[in-house]
Each structure stands twice: as structure tokens, then as C-alpha cells.
Amino acid sequence: MAASLLNFDVSNNLLTTVDITNILWENQPAFCETDFSFNKITSISNQLDWTCKRNTQFGYGGYVNLSNNNLSHFVKFYKIGFRNIFFLGKLLSYGFDLRENNWICDCQMYLLASKSSILLDKMHRSYFEVTCHSPPELKNVLLIDIIKHQSLDRLICNLTIADRCPPKCRCFYQPSRSRTVVDCSRTGRSGLPSALPLRTDLEIDFSSNRLSSMINNNHETKITGNESILYYYSKYIRKLDLSNNSIEIIPDDLMVELRNVSFINLSKNKMTKISRNLQMFNPCQIYIGEIVIHCKCKDIWLQNWLPSFQRKCYNNTRVYCKYHNKKVHILNMTRLELGCRLYNDFILCLIISLAVAVFIVTVSSLSIYTIRFELFIMTRKFLKYCKGIVVPSDAYTYDIYISCNENDVYLRHWLTSSFVPFLQEKNFSVFLPYRDCQIGRLREEETIDIMSTSLNFVILLSENCESSMEMWIKKEWKYAWYNYRYDINREIIVINYDMMDYQDVTHKFLRAFLKMNSFINFSKKDKLIKAEVYSRLQHYHDSVFGKKLCNGPRTRRNSDLDTDIEMKKS
């Protein structure tokens, strides 16, 4: 209620419980003392289901005396309305006297103790001197001293047989290290138990017993399946200590199940063999200590798995071989000393076969790559011969496109006076760039358009080209090869005007023509050159020529002549 009640005293009664709403005062800014001392209070209730909210205010608080009662464990804060543990900071102005109670300082005390460490500088009043009543090892120890000395590891909860702790074993939960310890060391066990606590992060110690196997083989065993409690609990175990026993064999399937365990100690046992499944573990993850085995070639994997002498965890597992009545570390054994053959016939034959195959493939690939243009030209000629290519008469605008060095006066004279007239007599439509190109049009654009509608490409190789002219000639060669490569109807005729050798030609496809001797030498007589060019040209179906010349586009020179005649008549 909203009032000005300063003191509230119900001490020296028989109260067994007190409600949280009678301890914390919301509707009054402050009070002096609320006294619940010398009762029999064992718990704090929340019958009204009160909840501390973000905007809840407790004012300046006061002194709450709960001393000399029967409180043993701190209540779970969410049950008394503090669903957010940080809201407890609203109570810093309160003073709670909890002395002279039967406090059990175990794992349930850990959460409050760990969070209280940040308030040590404020714990200077006498009522903070809460003492532990149990367990015996902590009787009369101040809780504040446990917090100050960072002895929170001592706050543990002992587990009993009801919690599935095996007989004769000590089990406890330690929240400060987030672990549950099952200590069955030195209990004289000859077999594994049939049950373990159902908790995560188990640290199990079966060291210094009489275990001869990692499977259950004693009278306690009643489980079925893989016959080992370790199979079922492998996903809960964090550490496993089986040292100083009589174990001879580690089952392979069990090693697979235990591969996620952080640490396994198998030292001081009677093992004479090591399973290869050990490779699944990190060498720092398992401790076997010194083990002496009869080493064979199959054990050579240990040389790769074991860490070297200078590395960390070297002493975890030290494997020695019996060799000539001596103990020799397996890392110092050679393949021959381990009984391995220097090579295996099958593997050797396989390696040689693979090497030869790789060599053949590599050489073949390089050879094919080197003569790829020659192979393409040969394959193309063969396909044309087999298929009998028929070219329709209206598929192309020009029969022949001539690429040459336009700056060579003698070559230009031969073309204009002899070669081109010969072709026109045979009814071929010829495009000669320096004669037929349109004035003002982009040269490269026109070259692409004309060459894409030309059936044959006559290339005259010349070595003396000015740099400006050489650029256009190389572009013509590039577009000629492009059209030749993607259209089987087209043909390239190379005339070696300067009688160049193939080493002098930089363009790879032109070099291929020279290598294959698929060119016309200009040193021949004029008639032979013309005849050979004519025979190599791709012709239209039915050998009908000149149809496009008569009905199709004319050269620029002919159109200019017609225009002059019409002007004279007018």
C-alpha cells in the first residue's frame, strides 16, 4: 500500500515462508527495517505472481532482516519475479541480512556468487558476512571470502546413485568449469559400469583399475547394442581417462565414436597394437605414453601421424619398435627396416603407365596446338571433297576480294592491267579495295561488310609494307580467316608475291598455308598464275558466272563511267 510505514517487525515467530511482495516495497519511497529474523523460514514465495519490470522503482529501500532462519539455498530469481537477473541492480539501496541460516554452498550458489564479484567493493557491511553451513569442507567459511579468493571451483553439487553415479564412484557437477566429473579411479573395477550421469561435458576417470577391455564385461552390464557404455555416452564425454589398466585392444568402431572427445588418456596399459583409426585423432588429443610394438610395413602411417621430436605433444604417444633386440623409435626407422619393399610392382607399373600417358597426351596436345591451323585447313579440304559442297549463285555479292600492298606500284600495275581483267573476263565480280572503296566511309567498317559478302579471298603476300598500310592489310587477313573459318563455302588463295619463307610470316594461319605448300609462287609465268588461281577459286553451282555481275551491284569505276556518259548526252 502507499503509506509511511517505517518499521515492520514479525520476528520471533513460526513463519515458514515469506512472500516477495512483503520484502520489496514499491509504493513507499523508503523504510527503516523489515524484520523477519528468528523464524523458521525455508523459502521465499511469489503467490501473487509479481514481476519486476523495466520501469519498476523501489525508492531508497531499507534494511531487511532475514537472519536466524532455515534458508539453505538462494531462491531461483525468475520464480520471485526477476526474470531478468540484471534487474537485481535495482536493489542496491536495500540491505539484506542473511546471516545465521543453514546455507548450503554448492553449485546452486554459483550463479549468485559469480555475478556478485563485480560488487565486492560495496560489500563492506557486517551483514554480508554470510557463512556456509555445509558441505563439511566449507562449514563456517564466509561466502564473500570464496568470491574474493576466486574459489568458485569449490561450489559443486555431489551426485548420488539416484543421479546415475556408479557405485563406489564420486560424481559431482562443477559449474565454474562447466563439467560433470565421474571419478571412479582406484575403485578396483574390472569392468565398465552400466550407467553414467545423463549430463553433457562428462569428464570420466577410470584410471588405476583392473579393466582389461573397453567393453562392458562385468555383472553390472545389462545394456545391449555395441556392448559398451562408452558407445552410448560418446557424444556426452569431454575427457576420458583409462590409464594404468590392463587394456590390450582398442575396438576400431569405438575409436570412431570417440573421435570428438577432447582428451583420451590410455597410458600404462598392455596394448601391443595400434589401430589405424587413431589417425582420426589429433596427436595432442590422445595420450598413450610409451608403447612397444612389433613394427611392420603397415605401421608406417605412424611416421606421418606422430609429431616430430621438437613439436608440441611429442611425449603424448611414443611408439617404439622391437628391432634386433633393441627399442628404436618408429620415427627413426627406415622403410627397409620396417620391412617395406622399396617399390611395389603394380604401383610402379601404374606410375610408369600414367607417366607415359601424361607424356603422350602432353606431347600430342602441344603438337596439335602447334599445327592446329594446318590440321584445320586439311580437315576443311577433306570435308569439302567428301561432301561436294554446292554454292548457290545468289549467296554472295562478290566472287573475289583481293588483299594486297596498295603502296607497291608494280603490284598495283599488274593487278589493274593483267590479273583483274582476266578475272572479269571469266565473269567474276572482283572487289579491289584501293579501286572500289567508297570515299568518306570508314575503312574497317567497309572491309567487314564487303568481306562478309565475298566468296573468295586472294591474298598477295608482300614483305615491304609501310606501317600505316600494314595495319589495314593485317585487318583484312584477320577478317578473311574469320570468314574462311566459319563458312566452308569460302576459299583463301595465297599468292607469294615476294617469295617469302614461312619463317618470315608472323600470321599463323598464313604461315600454315606456306608450310603446307598451299600457295601460288609469283615467280611462275603469268598464265600459270592465272590458271592456278582460277582452278582454286570456289565456283557457283552449274559454273554459271557473271549473273550477279550483270544483275547485281557494279563496281564504282563502272558506275562512274555510266554517269559521265549520261552527263555528256544531256
For the side chain of Arg259 and the backbone of Val256, is there at least one donor-acceptor N/O pair under 3.5 Å apart? yes

Check: Phe31 ring centroid to Tyr94 ring centroid under 6.0 Å: yes

Distance-only donor-acceptor check, side chains Arg99 and Thr131, under 3.5 Å: no

Is any NZ, NE, NH1 or NH2 atom of the basic residue among Lys475 and Glu444 found under 4.0 Å from an Asp or Glu carboxylate oxygen of the other? yes

Would you call Arg441 and Asp449 a salt bridge, taking side-chain N to carboxylate O under 4.0 Å as the test? yes

Let me see the working for Ser72 and Asn102 under side-chain hydrogen bond (donor to acceptor under 3.5 Å, both in side chains), right down to the final yes or no. CA-CA 5 Å; Ser72 60; Asn102 299 325; over 6 Å; no

Within the side chain of Ser134, is there an N or O that forms a donor-acceptor pair under 3.5 Å with the backbone of Pro136? no

Return yes when atom CD of Glu445 has more than 12 non-hydrogen atoms of other residues, nucleotides or ligands closer than 6.0 Å, and no otherwise. yes

Flag for Thr187-Asn209: side-chain donor and acceptor within less than 3.5 Å: yes

Just checking, any donor-acceptor pair under 3.5 angstrom between side chains of Asp252 and Ser275? yes

Atom CG of Asp19 and atom OG1 of Thr21: how far apart are they, to the nearest 0.5 Å? 3.5 Å

Would you verify whether the NZ or CZ of Arg485 falls within 45 degrees of the ring axis of Phe376 while also being under 6.0 Å from that six-membered ring's centre? no

Working for side-chain hydrogen bond (donor to acceptor under 3.5 Å, both in side chains), residues Tyr63 and Asp97: CA-CA 8 Å; Tyr63 178 67; Asp97 190 346; 2.6 Å; yes

What's the separation between atom CG in Leu155 and atom SG in Cys105, rounded to the nearest 0.5 Å? 6.5 Å

Quick check: are there more than 12 heavy atoms from other residues, nucleotides or ligands sitting under 6.0 Å from CG of Asn55? yes

So Val328 and Asn332, side-chain contact (heavy atoms from CB on, under 4.5 Å) or not? Walk me through it. CA-CA 7 Å; Val328 181; Asn332 295 327; 4.2 Å; yes

Would you please name every residue forming a salt bridge (Lys or Arg N to Asp or Glu O under 4.0 Å) with Lys40, sequence neighbours left out? none

Looking at Trp481 versus Phe373, is the centre-to-centre ring distance below 6.0 Å? yes

Could you tell me if the ring centre of Tyr314 sits under 6.0 Å from that of His329? yes

So disulfide (SG to SG under 2.5 Å) across residues 246-295, not counting sequence neighbours, yields Cys284-Cys313, Cys295-Cys321

Does either side chain, that of Asp153 or that of Ser176, offer a donor lying less than 3.5 Å from an acceptor on the other one? yes

What's the separation between atom OG in Ser234 and atom CG in Leu254, rounded to the nearest 0.5 Å? 8.0 Å

Is it true that, when you exclude Phe309 itself, more than 12 heavy atoms of the residues, nucleotides or ligands shown sit nearer than 6.0 Å to its CZ? yes

Is there side-chain contact between Asp106 and Tyr173, with at least one heavy-atom pair below 4.5 Å? no

In this structure, SG of Cys132 is separated from CG of Asp145 (nearest 0.5 Å) by 9.5 Å

Flag the pair Lys327 and Glu290 as a salt bridge only when some basic side-chain nitrogen lies within less than 4.0 angstrom of an acidic carboxylate oxygen. yes

Heavy-atom count around Glu137 CD within 6.0 Å, excluding the residue itself: above 12? yes

With rounding to the nearest 0.5 Å, note down the distance linking CD1 in Ile274 to CD1 in Ile250. 7.5 Å

Please say whether more than 12 non-hydrogen atoms of neighbouring residues, nucleotides or ligands are located less than 6.0 Å from CD1 in Ile249. no

Output, in order, the C-alpha distance, side-chain angles, deciding distance and verdict of side-chain hydrogen bond (donor to acceptor under 3.5 Å, both in side chains) for Asn244 and Ser207. CA-CA 6 Å; Asn244 199 19; Ser207 62; over 6 Å; no

Between Ala195 and Arg164, which heavy-atom pair has the shortest distance, and what is it? CB-NH2, 3.6 Å

Within a 6.0 Å radius of atom CZ on Arg372, are there more than 12 heavy atoms belonging to other residues, nucleotides or ligands? yes

Working to the nearest 0.5 angstrom, can you tell me the gap between Ile247 CD1 and Phe206 CZ? 10.5 Å

Can you tell me which residue pairs pass the salt bridge (Lys or Arg N to Asp or Glu O under 4.0 Å) test with a partner in residues 228-251, sequence neighbours excluded? Glu203-Arg238

Could you check whether Tyr78 and Phe82 have their ring centres less than 6.0 Å apart? no

With the side chain counted from C-beta on, respond yes when Gln303 and Leu338 share a heavy-atom pair under 4.5 Å apart, and no when they do not. yes

Step-by-step side-chain hydrogen bond (donor to acceptor under 3.5 Å, both in side chains) determination, Arg83 to Thr51: CA-CA 8 Å; Arg83 292 184 173 88; Thr51 302; 2.8 Å; yes

